[in-house]
Novice: 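Quick one: structure below, then a few questions.
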Amino acid sequence: MQEFVERIRRVVAQHSGLAPAEIKIESPRESTHGDLAFPCFQLAKTQRQPPPAAAVKLAQAIAGELAGIAVVAAGPYVNFRIDRTALAQSVLGSISRRGARYGGSEEGAGQTIVLDYSSPNIGKPMHVGHIRSTIIGAALHRIFGFLGYRAVGINHLGDFGSQFGGLIVARELRRDVDLERDPVHGLLTLYQWSKEQIATDQEFAKNAAISNAVVSGVLLPAAAPLARRHDLETQAWIRTVSLDGFMRTYRRLGIEHDLIRGESYYEPFLKGTIERIEAAGVTEVSDGALVVQLGSLDKGLEKTPCLLRQSNGMTLYATRDLAALFHRWEEFHFARCLYVVGSEQKLHFRQLKAVLRRMGCDWEPKVEHVDFGLLLGPGRVKLASRKGEVLVLDDLLDEVVAEARTIIEEKNPALANKERIAEQVGIGALVFNDLKRERIKDVVFDKAEILAFEGETGPYVQYTHARLASILRKADEAGGEGAAPDWARLEDAAPILLALGRFPGVVASAAANSEPSELAQYLLALCRTLSTWLVEHRVLAEEPELRAARLLLVRGAEAVLANGLTLLGVAAPAEM
RNA sequence: GCGCCCGUAGCUCAGCUGGACAGAGCAUCGGAUUUCUAAUCCGACGGUCCCAGGUUCGAGUCCUGGCGGGCGCGCCA
């Protein structure tokens, strides 16, 4: 596909005097106009003639030089229509050559992209609020890998916070809570109970504070009361149990990280980080706290300096993130470092970048906050992790899989591997649902929407894929006849061929914009085109040459859907 | 108050980074299955693209100012 665009661009450049880069070739909305189009408004201006005249002149000039492409001037546009045989051979040929790698490239060869995503807090269950960072980040991780980048996914666990003190004490007092069998709900129980106790029980609150000081390194274990000296062990144990729970959830969701590095990992670097920033001469002391003033670089940050150290000596979120950032830069020399974190933290990342700029780090533009909108509860209120309101992620997964199971029982009771497919379809619905909208849009958590498997959903794409896979399976069973495909008879499938040809560009654009929704939207549109075609055309029952051509088309479409779904983290079962 | 984001059909959203008559899904109504999966498809209904200016041959898309909603704003993360 891209080869046609390049050829057109080259020829237009020769005859217009415009640089190839500034020649925008677009795909007309209305298919009757052609497959590709070049608007002549700019050109008309430089040639000092009306656009339609420029279009006619250009069309006449280049018509002979584009073999296999019909050139027609239509009003102010020059439209191009690619010969169907050439189109089919080019698109289906490159899909069959590249197979599962079709859509990928080597554009990222030799470059590293660091992605920070998911990053839940140890000691608390993963709830629905973590789902967006996790799913969007993991999708981007796969997409960059597909484009040849070395993608490094980091899980920046929140294992440093003040939630530990209460949990440690609660753990000791509530041995009745079973953390072995069900760590997720067990920890949730302990967490909620400890918050209650801190509010109501002074003795508990005091012990929690001491424990917190011990695990935060403020109070040496040797100096702590006898009862609190094992806190580091308990903390490590909670971390393990908690992480086990996360890993179980990640496995179900198909989430992978390359590195699990919590905030505590960077603790040894905090001192050096502060010294480094001080050495750059950008710090000052304000009300006893160490800060970097940022107003000189960014007027909007005048009243919000970056705090590096509290007046009590403790470091802050920003300090740890800066330590991590320096560490990552030195380790990877990344081409981009993406933080997949909610938009409510925009100020924080703006501050970090401003600190880097003040320090003269020229790699500051490579650091990007890939922000996404809020997950809102019913009634558009912020979904807080307040007690009672937490919806544990695993419970949601169970629910969506149960729904898939019910629907399979209703639609396809004879299916083999029902349980496995239910898992794939249910999880697929959930994952796709989070990727189909533009990142920045707020999402109202609506269980009914997640459980709906019709319309613009993951199961719709999976279903379309399964129908194609079914045709291919039956073709294999019937045995292959070696008829030569009659490409010219794929005329009625031109919209599909054009869409399949666009796939690599869509993947590249989704990566460039860190926007998986571009890929999700593309897949939905492709499925609509395919579904319409499928009701009007047969494949297996046709005469050999037509059958062969359509089989190649189906094979190509199946591959693109499978590749696209896989990139998003949605399974592509052959039957459902 | 200041900073940033969002505003397209009753609802949820696309709209290829400024191009041809603004498109889907859901909901409502009406159709399609002796034939490769009806989790599908076709049709109908539904729009002052929040408002007002501006830039441009051309604006849903860019700029300015409003209006409405959201998020954030020094010792939490």
Side-chain angles (χ1 to χ4, degrees), chain A residues 24 26-30 33 37 39 41-42 44-45 50-51 74-77 79 119 121 158 160-163 263 286-291 298-312 314-318 320-321 342-348 350 371 373-374 376 380 382 404 407-408 410-412 415 425 429 436-438 440-444 446 448-449 452-457 459-460 462-464 466-475 478 502 505-506 509 513 517-518 521-522 524-525 527-528 531-541 550 554 575-576:
Chain A
K24 193 191 169 193
E26 51 193 46
S27 355
R29 215 189 293 267
E30 186 61 51
H33 288 132
F41 302 98
Q42 293 287 354
K45 211 175 205 177
Y77 294 86
N79 293 328
S119 309
N121 290 325
F160 197 78
S162 54
Q163 73 269 28
E263 294 182 293
S286 165
D287 296 333
L290 189 68
V291 306
D298 185 337
K299 275 191 313 216
L301 295 180
E302 222 148 57
K303 288 175 182 166
T304 51
C306 181
L307 268 83
L308 297 178
R309 193 168 56 211
Q310 305 179 40
S311 45
N312 66 9
M314 303 261 285
T315 56
L316 284 133
Y317 182 42
R320 292 192 284 281
D321 258 1
S343 61
E344 66 268 30
Q345 295 200 39
K346 271 192 126 167
L347 178 62
H348 169 69
R350 205 165 142 201
D371 59 339
L374 267 47
L376 303 169
R380 297 197 74 83
K382 196 173 175 182
I407 293 185
I408 287 172
E410 174 191 318
K411 309 258 185 198
N412 196 355
L415 184 67
V425 172
K436 73 180 180 191
R437 300 181 192 81
E438 222 184 348
I440 198 67
K441 293 271 199 313
D442 287 348
V443 174
V444 176
D446 181 354
E449 193 187 337
F453 295 168
E454 293 174 5
E456 298 175 319
T457 64
Y460 172 57
Q462 290 176 315
Y463 178 73
T464 309
R467 289 176 71 184
L468 299 176
S470 171
I471 294 173
L472 296 175
R473 192 168 51 244
K474 292 195 161 120
R502 277 180 41 228
V506 171
S509 175
N513 298 327
S517 70
E518 291 184 17
Q521 290 292 335
Y522 163 84
L524 288 172
C527 286
R528 245 177 266 130
S531 298
T532 300
W533 188 86
L534 281 172
V535 297
E536 289 166 1
H537 303 88
R538 302 284 101 181
V539 176
L540 301 178
R550 286 187 176 169
V554 169
E575 287 181 88
M576 64 185 270

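Sequence lines set the chain letters: A, B, ... in the order given, protein chains first and strands last, and positions in each chain run from 1.
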Novice: Working to the nearest 0.5 angstrom, can you tell me the gap between A:S470 OG and A:M576 CE?
Specialist: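 With rounding to 0.5 Å, OG (A:S470) is 12.5 Å from CE (A:M576).
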Novice: Taking only the P atom of each, what is the distance from B:C67 to B:A52 in whole angstrom?
Specialist: 15 Å
Novice: Any side-chain N or O of A:R320 less than 4.0 Å from the OP1 or OP2 oxygen of B:A77?
Specialist: yes
Novice: With a 4.0 Å limit, can you tell me whether A:K24 has a side-chain N or O closer than that to the phosphate oxygens OP1/OP2 of B:U17?
Specialist: yes
Novice: Partner lookup for B:C71, please. Criteria are Watson-Crick or G-U wobble with both distances under 3.5 angstrom; report none if nothing qualifies.
Specialist: B:G3
Novice: Tell me: NZ of A:K436 to C1' of B:A24, nearest whole Å?
Specialist: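 Those two atoms, NZ and C1', are 11 Å apart.
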Novice: Using the P atom in both, what is the distance from B:G23 to B:C16, to the nearest Å?
Specialist: 13 Å
Novice: Answer with base, sugar-phosphate or nothing: what part of the nucleic acid does A:A37 contact at a heavy-atom distance below 4.0 Å?
Specialist: base
Novice: Run the side chain to side chain contact (heavy atoms under 4.5 Å, CB included) test against A:V291 and tell me which residues pass, sequence neighbours left out.
Specialist: A:E284, A:S286, A:A289, A:Q293, A:P305, A:L307
Novice: To the nearest Å, give me how far apart CZ (A:F41) and P (B:C57) are.
Specialist: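 After rounding, the reported distance stands at 12 Å.
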Novice: Are A:W533 and A:R550 side-chain neighbours, meaning at least one heavy-atom pair lies under 4.5 Å?
Specialist: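 Touching, per the 4.5 Å side-chain cut-off.
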Novice: If you measure from the C1' atom in B:A32 to the same atom in B:G46, how many Å do you get, rounded?
Specialist: 23 Å
Novice: Should A:L534 and A:I471 count as side-chain neighbours, where that means a heavy-atom distance under 4.5 Å?
Specialist: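 In contact.
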Novice: With respect to the side chain of A:E449, which nucleotide from B:C13, B:G15, B:U12 is positioned closest?
Specialist: B:U12
Novice: Does the structure show a Watson-Crick or G-U wobble partner for B:U64, both distances under 3.5 Å? Name it, or say none.
Specialist: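 WC or wobble partner is B:A52.
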Novice: So what does A:D321 hit on the nucleic acid, given a heavy-atom distance under 4.0 Å: a base, only sugar-phosphate, or nothing?
Specialist: nothing
Novice: Considering only the P atoms, how many Å lie between B:G47 and B:G65, rounded to the nearest integer?
Specialist: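 One P to the other, the span is 33 Å.
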Novice: How far, in whole Å, is B:C50 from B:G15 if one measures between their P atoms?
Specialist: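 Those two atoms are separated by 15 Å.
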Novice: Just verifying a value: how many Å separate A:E575 CD and A:R473 CZ, rounded to the nearest 0.5 Å?
Specialist: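 These two atoms lie 4.0 Å from each other.
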Novice: Would you mind reading off the distance between A:K299 atom NZ and B:C2 atom P, rounded to a whole angstrom?
Specialist: 13 Å
Novice: Atom CD of A:E26 to atom P of B:U17: distance rounded to whole Å?
Specialist: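 In whole Å, B:U17 P and A:E26 CD are 8 Å from each other.
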Novice: Distance check needed: B:G15 C1' versus A:Q521 CD, whole Å only.
Specialist: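 Atom-to-atom, A:Q521 to B:G15, this comes out as 9 Å.
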Novice: Do the side chain of A:E30 and the base of B:C21 come within less than 3.5 angstrom through a donor-acceptor pair of N or O atoms?
Specialist: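 Present.
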Novice: Please give the distance between the P atoms of B:C49 and B:U8 as a whole number of Å.
Specialist: 11 Å
Novice: May I have the distance from A:E438 (atom CD) to B:C13 (atom P), rounded to whole angstrom?
Specialist: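 Nearest whole value for this atom pair: 11 Å.
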Novice: What is the distance, to the nearest angstrom, from the CD atom on A:E456 to the P atom on B:G15?
Specialist: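 Those two atoms, CD and P, are 12 Å apart.
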Novice: Taking B:G10 as the reference, what is the distance to B:U48 when you measure between their P atoms (whole Å, please)?
Specialist: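 My reading of the P atoms in B:U48 and B:G10 gives 8 Å.
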Novice: So which nucleotide does B:C41 pair with, by the Watson-Crick or G-U wobble rule with both distances under 3.5 Å?
Specialist: B:G31
Novice: The side chain of A:R437 lies closest to which of these nucleotides: B:A77, B:C13, B:C76?
Specialist: B:C13
Novice: If you assign A:K441 and A:D371 each to the RNA chain B nucleotide with the nearest heavy atom, which residue ends up on the more 5' nucleotide?
Specialist: A:D371
Novice: Between atom NZ in A:K346 and atom P in B:C2, what is the gap in whole Å?
Specialist: 19 Å
Novice: Please tabulate, one pair per line, each protein N/O and nucleotide N/O from nucleotides 64-74 of chain B that are separated by under 3.5 Å, including the distance.
Specialist:
residue : atom : partner : partner atom : Å
B:G72   : OP1  : A:K382  : NZ           : 3.3

Novice: Which one is paired to B:C26, where only Watson-Crick or G-U wobble pairs with both distances under 3.5 angstrom count?
Specialist: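 Across any shown strand, B:C26 pairs with B:G10.
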Novice: Could you tell me how far B:A59 sits from B:A22 if I compare only their C1' atoms? Round to whole Å.
Specialist: 13 Å
Novice: Are any side-chain N or O atoms of A:E454 and backbone N or O atoms of A:Y460, one a donor and one an acceptor, separated by less than 3.5 Å?
Specialist: no
Novice: Mind checking A:N121 for me? I need base, sugar-phosphate or nothing, with any heavy atom below 4.0 Å counting as a touch.
Specialist: nothing
Novice: For a quick check, with a 4.0 angstrom heavy-atom cut-off, what is the B/S/- contact string for nucleotides 34-43 of chain B, read 5' to 3'?
Specialist: -SBBSBSSS-
Novice: Check whether any side-chain heavy atom of A:E456 lies under 4.5 Å from a side-chain heavy atom of A:R528, and answer yes or no.
Specialist: yes
